[in-house]
2 protein chains.
Amino acid sequence: MPPLSSGLLGALDPTSDRAVFRQIADQLREAIDRGRFKEGEKLPSEAELVEHYGVSRMTVRNSFSVLQGEGLVHAEHGKGVFVRPRPPVRRLASDRFARRHREQGKSAFIVEADAAGSHPQVDSLEVKEEKASQDVSTRLGSVRRVLARRRRYLLDGRPVEFATSYLPLDIARGTPIAEPNPGPGGIYARLEELGHRLDHFEEEIRARMPSPAEVKTLHLASGVPVIHLIRTAYDTEGRAVEVCDTVMAADAYVLSYQLPAT
Amino acid sequence: MPPLSSGLLGALDPTSDRAVFRQIADQLREAIDRGRFKEGEKLPSEAELVEHYGVSRMTVRNSFSVLQGEGLVHAEHGKGVFVRPRPPVRRLASDRFARRHREQGKSAFIVEADAAGSHPQVDSLEVKEEKASQDVSTRLGSVRRVLARRRRYLLDGRPVEFATSYLPLDIARGTPIAEPNPGPGGIYARLEELGHRLDHFEEEIRARMPSPAEVKTLHLASGVPVIHLIRTAYDTEGRAVEVCDTVMAADAYVLSYQLPAT
DNA sequence: CTTGCCCACTCGTCTATACGAGTATGCCTG
DNA sequence: CAGGCATACTCGTATAGACGAGTGGGCAAG
């Protein structure tokens, strides 16, 4: 094992009351922030850091786990610990549901990703009737059963979003909305054809750490939160006609909204 | 030490290839989800779990660190490990900057928190001129120096948000905006009085894990992400007159937006 | 009764060791 | 030359032990 090139990392301060593993994490974090280790680059191995700092391996691993929790690095078994590259982000503009975007045949996700030069995919298609959860029922106005449309979105092979749309059965049953592929313009175009002219949407946004199931579905690295978005679509009569529950890998998204100043 | 009451937690499956510390974490998580341990309640101590499962202490600690990373529990030195209570959330509605909300003397934050029965505070007031960062400069239209207004918001003593407003010097210098207390209705009211009638706001939203500095400022528990919001205010002439950079404790906020369907 | 100390219990940090499993490389064999 | 295997390196999991430091309760002294 070659010695760790000096200069990259400093020494420990034994007089400090800051824990050793925190000092090591601090030095690694600073080196990353300063660009001494670039995105995707490999950090020194555990053994090298044990050697360099003269500490035990568990202490070094503890440092790494701090940085992992911050989403700064990720470990790959058998290979090393790497600076986590920031993935290309998908920007969601507040006009993304404007009627003019529903003209074309493809879904908004596909069109937009193609334009950005990414390879989009949609996945895990499931359409079925089911009992409405308490929350969905409340949002849709005391509906007992709903049509649920589940799908997962991928960009360049990486899953980035998992979404479920819920619609009242009296609106969706027996229509193209209940088909796996609802046709050009998606379910919003179909809703309008069925006489439910859309008036506005309401979106609620939260951020939190993912559940184990979400980690699995979205292949999330540790230290990556999710954005949880719940959108309710209202028609011109004020009726809630759809609730869409979306969980997004937070490192892959920037949401953008316009607010009037009135 | 009394034996751990049976029934709460099961046994390990030695034939499973799932790591022991994950199995323990799974059982604790499930027990929490099922409400066997309620919010704020103390989990079994490390020693009790060591006893119950017949594993070493580091293995138990490893399990706890998994749950901490998920934001499910938090440890208190000398006391124990507790189910993290969900704090009351602050809902930000999309009309929160409507002109009618600027009539009263107090800031929107104070009024709203009072109405919700919480005790609000504003803190860390700093107002100074400084060099604009690359990003702020771009958003404000190639401005070199700006007036920066920093403040921290607390609810019932807990810091929940840290915000910095940046304004071009030619607008803000020498006006009440450059004072620590800009007066009733806040800086948006002052901007309009100065002839910059506000037209709309643009908000960009990201979620990520906090930096160590943010953990300190917002007293964040591990496993709590932050919502990073960047708002740009435009006047009726299309000029960007303010950029507000806000970092919020994600467990304390729900953002809400209305989108037109046009 | 009140004060203060001690002790038991809690989590925090660190060491040293062991074995397992995934990855990559280079050498050796066919 | 091609294929496969050995090996060295990586991180993952787990044990056992030690000491430190924060917390809270009980006991003893005043």
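Quick note on labels: first sequence line is chain A, next is B, and so on, each numbered from 1.
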Can you tell me how far [atom2] of [N] sits from [atom1] of [X], to the nearest Å?
| X | N | atom1 | atom2 | answer |
| --- | --- | --- | --- | --- |
| B:Y53 | D:dA14 | OH | C1' | 16 Å |
| B:D17 | D:dA14 | CG | C1' | 16 Å |
| B:E51 | C:dC9 | CD | P | 12 Å |
| B:Q23 | D:dT13 | CD | P | 12 Å |
| B:E46 | D:dA14 | CD | P | 16 Å |
| B:L43 | C:dC11 | CG | C1' | 13 Å |
| A:L67 | D:dC11 | CG | P | 13 Å |

Which parts of residues 73-84 of chain A get close to DNA chain D, meaning a heavy atom less than 4.0 angstrom away?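 Hits under 4.0 Å, by residue number: A:A75, A:E76, A:H77, A:G78, A:K79, A:G80, A:V81.
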
Heavy-atom count around B:K42 NZ within 6.0 Å, excluding the residue itself: above 12?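 More than 12 within 6.0 Å, yes.
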
A:D33/A:R29 salt bridge by N-O under 4.0 Å criterion: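 A:D33 and A:R29: not salt-bridged.
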
Could you check whether A:D26 pairs with A:R22 (Lys NZ or Arg NE/NH1/NH2 to Asp/Glu carboxylate O, under 4.0 Å)?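 Here A:D26 does not pair with A:R22 in a salt bridge, since their nearest N and O are not under 4.0 Å apart.
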
For A:D245 and A:H228, what are the C-alpha separation, side-chain angles and deciding distance, and is it a side chain to side chain contact (heavy atoms under 4.5 Å, CB included)? CA-CA 8 Å; A:D245 184 296; A:H228 189 167; 3.1 Å; yes

Please determine which of A:R90, A:R86, A:R158 meets the salt bridge (charged side-chain N to carboxylate O under 4.0 Å, His left out) test together with A:D251.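 Going through A:R90, A:R86, A:R158 one by one, the salt bridge (charged side-chain N to carboxylate O under 4.0 Å, His left out) with A:D251 is satisfied by A:R158 alone.
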
Using only heavy-atom distances, determine whether the side chains of A:Q23 and A:Y53 contain a donor-acceptor pair under 3.5 Å.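 On atom types as modelled, these side chains do not qualify, holding no pair under 3.5 Å.
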
Any sub-3.5 Å donor-acceptor pair from A:R96's side-chain atoms to A:A93's backbone N or O?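 A pair under 3.5 Å: yes.
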
Applying the side chain to side chain donor-acceptor pair (under 3.5 Å) test to A:S165, which of A:R231, A:R149, A:R151 qualifies? A:R151

Using atom names, set out every protein N or O paired with an N or O of nucleotides 14-18 of chain C below 3.5 Å, distance rounded to 0.1 Å.
residue: C:dC14; atom: OP1; partner: A:V20; partner atom: N; Å: 2.5
residue: C:dC14; atom: OP2; partner: A:V20; partner atom: N; Å: 3.4
residue: C:dC14; atom: OP2; partner: A:F21; partner atom: N; Å: 3.2
residue: C:dT15; atom: OP2; partner: A:S56; partner atom: N; Å: 2.9
residue: C:dT15; atom: OP2; partner: A:S56; partner atom: OG; Å: 3.3
residue: C:dT15; atom: OP2; partner: A:T59; partner atom: OG1; Å: 2.6
residue: C:dA18; atom: N6; partner: A:R57; partner atom: NH1; Å: 3.3

